[in-house]
Amino acid sequence: MPSVSALFWAAYPLLLVVVFYQNGLPNFIVQPIAKSSTFNSIWNVFATTHCYASVTSLAPHLPQAHCFSVSNGKFSRVFRDEVPDGNNQLEPLRTGHVIPGLWDGHGHLAQYGELLDSVNIFGASSMEEVQQRLVDYKTRRPEAGTQEQWLRGVGWDQANFHGQWPVADDLEIDSSFQDLYVMLDRVDVHCIWVSNQVLSLLPIKIGDTPGGEIPAKGVFCDNAMDLVLKHYPKPNHVQKTKFLKDAMKELNKLGIVGMHDAGVTPTELRLYERLSGDADWTVRVNAMIECDIRNTFCPKDVSQITTPNGKFHVRSVKLFSDGALGSWGSAMIEPYSDKPSSYGTLLINTTTLSQLTHDWATAGYQVNIHAIGDLANRLAIDAFEAALKTLCPNKSPSDCKMKHRFRIEHSQIVHPNDQQRMVDLHIIPSIQPTHATSDMGYAESRLGTERIKTEAYRMRSLLPLKPVLGSDFPVEPANVFEGIYAAVTRRSPRTGLDASGGKAGWYAEETITLDQALEGFTINPAYGAFLEGKAGVIDVGAYADWVVLDTPLENLDVESLRTLVVRETWVGGKCVYQRE
Ligand SMILES: *[C@@H]1O[C@H](CO)[C@@H](O)[C@H](O)[C@H]1NC(C)=O
Ligand SMILES: [Zn+2]
């Protein structure tokens, strides 16, 4: 609350004028109090009121409004219209169409910021193009590539190299790349491709790597990545702080006010907590704990956190049951259709996963398990089912599920029987709609038509569970409207086309509606973070976060979602992004 230096009452018309000083500058609030005479309205003079052409609140009791007041970073009042008939003076001010601030239900904040600072090789369609982008980057950033500061990039896909894995020698591009330390993440960040200089750090003989693969000289997938990451000079706190804040700036431009960070280590959590009080910490973060050693129980290293400003929350833990589909790492009940010798890789067994789920839930944490393949999803559901049986002896089953809100991150390929079990057990699916449209080109050959038809990339089938939607940025672009487009059309937001190059949509029976998709990026992630009523909604008591669009979402032609840009983004009652 700014310091109030003067209060003036004017007799007629009934106006209350408040002068206060904020950042050393005088501010005036003029508030008519003629129509309302309650204490509430007196209190509201300390609030700022914003009116727009329309406000879509997503609050059931007042879904459409025009104005809201903000006090102390929260909505204190939401109402339809205050302009008396015939008073057109305020009308010109009322442009813009408001929706609640958007949330990404699964992303990686620091990695996203790091990507902004590294070579972007997403969409590079040949080895030559990758090499050209690396050379361009090195020209701009001559300091990159030393042992202390490796040259980093992300976004390659061997599908663009005629299906051939890249090798370390491919990074010997020219003399400027000699002896450089280079590490490039695959598009799904489940494999890395490194230079010979990085390989020279590793032992000459590498034994078995359970849960990992080394498909080519210089490429390391899943657990095998640890061999290299041991030597990677981790960004220090100063660099990491820059990554986080750069990421937030970009996310604000996209209308994003909050995100679930899918894997934050105990040390990073302490950094986040410290930074979350800064004025330029402009994205609310709900962090999932990832212990220093994956898939372990580390309650002594962490604690549950909600900062007073609501910018940082910790209440959940991330566990991993398998790898990713693109590198045949996801664990399958039946072998891959395009690699009959392989079932993928489980990173953990049932006993340990059940035990960890039970231990973390007993310690009061929400458990979110990464699961892509149908075997991994089954394992996660087994673990949740077993845990729920013992966790709430005195609670009704639905109260118990509500209390724990177990989640499956990705829920990508789920056997029909297990889809039903998810519904019965109220397990929250955390889904990335653009994964479906990014994978549709190869998923069918990898999984076969039957699995694609009945198991893979469900959206409408899991709708009763109010799926949390996200992008998994930086794996996919962070743009929520691209995610909404993919969910509504099952077509690529990049091309506007489905897997066969048409407009029908890839397995269009799994599309969801625009409203359902918007809920997936607002109120559903709020519930999935125990923030219902506080986030994803414009309602009294909720964080004052909103996005201003030029056109109401429901009036938009669906194709324009692909290019939609927001006008303004507000977090905690403050404007954090305004389009030029
Ligand atoms: C499961 O994994 C744990 C840890 O790796 C191991 O100790 C245990 O023996 C395994 N259990 C089974 C049944 O394989
Ligand atoms: Zn992820």
Side-chain angles (χ1 to χ4, degrees), residues 103-115 122 154-155 185-192 208-212 221-223 225-226 247 251 256 259-265 268 285-291 293-298 316-327 329-331 345-359 367-373 375-380 382-383 386 407-413 428-436 438-439 457 467-478 480 483 525 528-529:
W103 279 68
D104 190 309
H106 181 124
H108 302 273
L109 194 61
Q111 289 90 328
Y112 184 68
E114 187 172 6
L115 170 69
F122 282 95
V154 60
D185 294 22
R186 192 181 181 279
V187 57
D188 62 2
V189 299
H190 280 267
C191 301
I192 46 178
D208 267 355
T209 51
C221 295
D222 292 313
N223 284 354
M225 298 196 303
D226 294 340
L251 296 176
I256 295 172
M259 58 88 58
H260 298 185
D261 202 334
V264 184
T265 63
E268 289 171 331
V285 175
N286 171 57
M288 305 179 201
I289 298 160
E290 185 177 333
C291 297
I293 301 169
R294 266 193 179 181
N295 287 339
T296 57
F297 185 53
C298 61
S316 61
V317 64
K318 174 114 179 265
L319 303 175
F320 294 81
S321 72
D322 67 349
L325 186 67
S327 45
S330 40
T345 316
L346 274 181
L347 302 180
I348 188 168
N349 62 35
T350 319
T351 322
T352 313
L353 190 59
S354 300
Q355 187 66 45
L356 283 172
T357 300
H358 178 270
D359 291 349
V367 177
N368 305 350
I369 302 179
H370 164 112
I372 304 265
L375 182 62
N377 276 281
R378 178 165 290 174
L379 203 71
D382 289 346
R407 287 172 54 159
I408 298 184
E409 300 307 310
H410 309 304
S411 307
Q412 202 156 296
I413 307 156
I428 302 172
S430 167
I431 298 173
Q432 299 75 42
T434 45
H435 280 353
S438 292
D439 295 356
Y457 307 96
V468 169
L469 301 184
S471 68
D472 206 1
F473 62 71
V475 177
E476 302 279 354
V480 169

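Reckoned from all heavy atoms, side chains included, excluding hydrogens, waters and symmetry mates. Remember, it's 1-based here, ligands and their atoms both numbered in the order they're listed.
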Check whether any N, O or S atom of H108 sits under 2.8 Å from the Zn ion (ligand 2).
-> yes

Residue pair Q412 / N377: nearest heavy atoms and the distance that separates them = N-ND2, 3.9 Å

Ligand 1 to T351, heavy atom cutoff 4.0 Å, flagged ligand atoms 13 (C)

Would a 4.5 Å heavy-atom cut-off, applied to side chains only, mark D185 and L115 as touching?
-> no

Pair R407-H260, side-chain donor/acceptor within less than 3.5 Å = yes

Any protein heavy atom nearer than 4.0 Å to atom 2 (O) of ligand 1 = yes

May I have the step-by-step check of ring pair (Phe, Tyr, Trp, His ring centres under 6.0 Å) for H410 and H190, ending in yes or no?
-> CA-CA 14 Å; H410 309 304; H190 280 267; 7.8 Å; no

Looking at H106, the N, O or S atom sitting nearest the Zn ion (ligand 2) is NE2

Which protein non-hydrogen atom lies closest to atom 10 (C) of ligand 1, naming both residue and atom, and how far is it?
-> N349 ND2, 2.4 Å

Hey, is atom 14 (O) of ligand 1 under 4.0 Å from any protein heavy atom?
-> yes

E409 and S430: side chain donor to acceptor below 3.5 Å = yes

For atom 4 (C) of ligand 1, the protein heavy atom that lies nearest, with its residue and separation | T352 OG1, 3.9 Å

Closest D472 atom to the Zn ion (ligand 2) [N, O or S only] = OD1

L109 vs V285 side-chain heavy atoms within contact, under 4.5 Å | yes

